[in-house]
Amino acid sequence: MTEGNKSFLGEMWYLLKTRKAWWLTPIIILLLLIGALIIFSQSSAISPFIYSLF
């Protein structure tokens with residue numbers, strides 16, 4: 001990939017690989033899971049089940 005065509009995920013992979021910042025991986029996964037939970041809880045049929053978890 002060229003410098004101008006890197007996507008966000010490509011840049012994150014490059015950071016993790018070159019800087020050996022593997023400790024960021026669990027944080028990124030957790031943020032993605034929380035974001036997905038927020039998106040799915042906004043308007044879906046599973047909203048009552050998600051709300052009952054908390």
Using the test side-chain contact (heavy atoms from CB on, under 4.5 Å), find all partners of Ile29 that sit at least two apart in sequence or belong to another chain.
-> Thr25, Leu33
Qualifying residues under side-chain contact (heavy atoms from CB on, under 4.5 Å), relative to Leu9, sequence neighbours excluded | Ser7
Could you pull out all residues at least two apart from Leu32 that satisfy side-chain contact (heavy atoms from CB on, under 4.5 Å)?
-> Ile28
Who pairs with Ile27 by side-chain contact (heavy atoms from CB on, under 4.5 Å), at least two apart in sequence or on another chain?
-> Trp23, Leu24, Leu31
For Trp22, all residues meeting ring-ring contact (aromatic ring centres under 6.0 Å, His included), sequence neighbours excluded = Trp13
